[in-house]
Every structure is written in C-alpha cells, then in structure tokens.
Colleague: 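Once you've had a glance at the structure underneath, I'll fire off some questions.
Numbering of residues begins at 1 and proceeds along the displayed sequence. Small disclaimer: the values here were computed from a predicted structure and weren't measured.
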Amino acid sequence: MYEFNFDNKTFTLVENSQNGSANTKTIFEYKQEGDLVTADYQGGGIKYGKIIARLENDTLHMLYQCLTNENKLRAGKATAKVSLNEKSKIRLRLNWEWLGKNEEKGTSEYIET
C-alpha cells in the first residue's frame with residue numbers, strides 16, 4: 001500500500017517558472033498502478049502531454065513529453081516532492097528540466113482538485 005494515491009486524480013497548476021509550458025488552464029489526469037504513476041495533460045499552452053513516473057515514498061521521479069499549441073515537441077524530467085495540504089489534497093512541488101540543447105530548468109507546484 002502506498003501513502004499517496006494518484007489513481008483517477010486531477011491536478012491543476014498553482015505556480016510555474018516563466019519558461020514552463022503549463023499554465024492554470026492545463027489539466028492533469030493521473031492514474032496509478034503500484035509505484036507506476038502516469039498522467040495525460042492538455043489545455044492552456046499544451047495540445048497534449050504525457051507523464052510517466054515512479055513513486056518512491058514521498059517522491060515522484062518523472063519523465064514528461066508534450067506537443068505545445070505552437071506545434072513544438074518538448075520533453076523533460078522532474079523530481080516532485082509529494083505532500084498533503086491542510087485539506088488532505090495531494091500537492092506536488094517539482095524541480096524540472098527541459099531536455100535538449102538549452103536544458104532550461106524551473107520549479108512548479110500543482111494541487112489535486
């Protein structure tokens with residue numbers, strides 16, 4: 001049994017670094033099977049995106065990819081600290097990095113809706 005259950009949970013953005021593609025209109029729909037956590041996301045600046053992650057205690061080790069509204073394919077990796085807020089909703093605090101020649105980095109925070 002895992003402390004955090006992502007199955008059939010929806011998340012939205014609380015805040016993001018300026019160089020991130022997601023915004024408050026981006027919706028993330030998560031699934032979980034054991035330590036495997038996946039999500040589909042779209043909206044805001046994203047036509048479609050996919051996350052695959054491994055849950056280890058209170059950390060998600062994530063890989064993500066998306067197609068932006070400008071038809072740019074982007075991919076990255078992140079480590080997310082998982083916690084519960086005062087309403088027992090899951091909060092994710094990410095340190096992320098785009099993969100590629102610029103290797104831009106940033107932080108973001110998401111909350112279960």
Side-chain angles (χ1 to χ4, degrees):
M1 186 70 177
Y2 292 89
E3 180 180 356
F4 301 102
N5 179 4
F6 287 87
D7 203 33
N8 295 314
K9 303 280 176 83
T10 301
F11 288 74
T12 57
L13 181 73
V14 175
E15 66 180 83
N16 198 3
S17 295
Q18 186 175 0
N19 53 343
S21 292
N23 62 38
T24 57
K25 294 180 180 178
T26 309
I27 304 298
F28 296 77
E29 296 177 346
Y30 278 79
K31 301 286 185 197
Q32 181 176 352
E33 291 183 30
D35 65 348
L36 171 64
V37 177
T38 61
D40 292 331
Y41 61 101
Q42 60 187 13
I46 307 294
K47 279 188 185 180
Y48 179 76
K50 187 73 174 178
I51 296 170
I52 185 168
R54 180 176 48 85
L55 179 61
E56 183 180 358
N57 300 315
D58 67 345
T59 304
L60 273 177
H61 302 278
M62 310 171 86
L63 293 172
Y64 54 89
Q65 58 188 0
C66 67
L67 179 65
T68 69
N69 287 343
E70 293 81 30
N71 282 328
K72 292 182 182 175
L73 284 170
R74 301 205 68 192
K77 62 182 180 176
T79 301
K81 280 299 182 186
V82 185
S83 63
L84 296 177
N85 71 5
E86 61 281 351
K87 296 180 182 179
S88 296
K89 298 289 187 179
I90 298 174
R91 172 185 288 146
L92 300 173
R93 294 179 188 213
L94 279 70
N95 287 311
W96 54 264
E97 178 180 338
W98 289 114
L99 301 178
K101 58 183 171 185
N102 292 338
E103 296 181 352
E104 297 174 288
K105 297 179 180 183
T107 60
S108 57
E109 182 176 339
Y110 299 85
I111 193 74
E112 176 188 347
T113 58

Colleague: So, Glu97 side chain and Leu99 main chain: donor-acceptor pair closer than 3.5 Å or not?
Modeller: no
Colleague: Keeping to residues at least two apart or across chains, list the ring pair (Phe, Tyr, Trp, His ring centres under 6.0 Å) pairs with something in residues 76-96.
Modeller: Trp96-Trp98
Colleague: Enumerate the side chain to side chain donor-acceptor pair (under 3.5 Å) contacts for residues 63-75, please, sequence neighbours excluded, ordered by first and then second residue.
Modeller: Lys47-Asn71, Thr68-Glu70, Arg74-Glu104
Colleague: Between Asn16 (side chain) and Ala22 (backbone), is there a donor-acceptor pair under 3.5 Å?
Modeller: yes
Colleague: Who pairs with Arg93 by salt bridge (charged side-chain N to carboxylate O under 4.0 Å, His left out), at least two apart in sequence or on another chain?
Modeller: none
Colleague: What I want to check is whether the side chains of Asn95 and Lys105 have a donor and an acceptor closer together than 3.5 Å.
Modeller: no
Colleague: Give the minimum heavy-atom separation between Leu60 and Ala53, together with the two atoms involved.
Modeller: CD2-CB, 3.9 Å
Colleague: Minimum heavy-atom separation for Ser17 and Gly106, please, with both atom names.
Modeller: OG-CA, 3.3 Å
Colleague: Would you check if the side chain of Thr24 reaches a backbone N or O of Leu13 as a donor-acceptor pair within less than 3.5 Å?
Modeller: no
Colleague: Search all heavy atoms of Ile90 against all heavy atoms of Leu84 and return the closest pair with its distance.
Modeller: CG1-CD2, 3.8 Å
Colleague: Give every residue pair that meets the ring pair (Phe, Tyr, Trp, His ring centres under 6.0 Å) criterion with at least one member in residues 34-62, sequence neighbours excluded.
Modeller: Phe28-Tyr41
Colleague: Can you confirm whether the side chains of Thr38 and Lys50 place a donor and an acceptor under 3.5 Å from each other?
Modeller: no
Colleague: So, for Lys31 and Asp7, which heavy atoms are closest and what is the spacing to 0.1 Å?
Modeller: CA-OD1, 3.5 Å
Colleague: Please check if the distance between the ring centroids of Phe6 and Tyr30 is under 6.0 Å.
Modeller: yes
Colleague: How about Leu55 and Gln32: do any of their side-chain heavy atoms sit closer than 4.5 Å?
Modeller: yes
Colleague: Should Thr113 and Ile27 count as side-chain neighbours, where that means a heavy-atom distance under 4.5 Å?
Modeller: no
Colleague: Of all the heavy-atom pairs spanning Ile46 and Ser21, show the shortest one and how long it is.
Modeller: CD1-CB, 3.5 Å
Colleague: Might you work through the salt bridge (charged side-chain N to carboxylate O under 4.0 Å, His left out) test for Glu109 and Arg91, ending with a clear yes or no?
Modeller: CA-CA 7 Å; Glu109 182 176 339; Arg91 172 185 288 146; 3.0 Å; yes
Colleague: Kindly indicate whether the side chain of Thr79, heavy atoms from C-beta on, has any atom under 4.5 Å from the side chain of Leu94.
Modeller: no
Colleague: Residues two or more places apart in sequence or in another chain: which of them pass salt bridge (charged side-chain N to carboxylate O under 4.0 Å, His left out) with Glu29?
Modeller: none
Colleague: Can you list everything that forms a salt bridge (charged side-chain N to carboxylate O under 4.0 Å, His left out) with Lys25? Sequence neighbours excluded, please.
Modeller: none
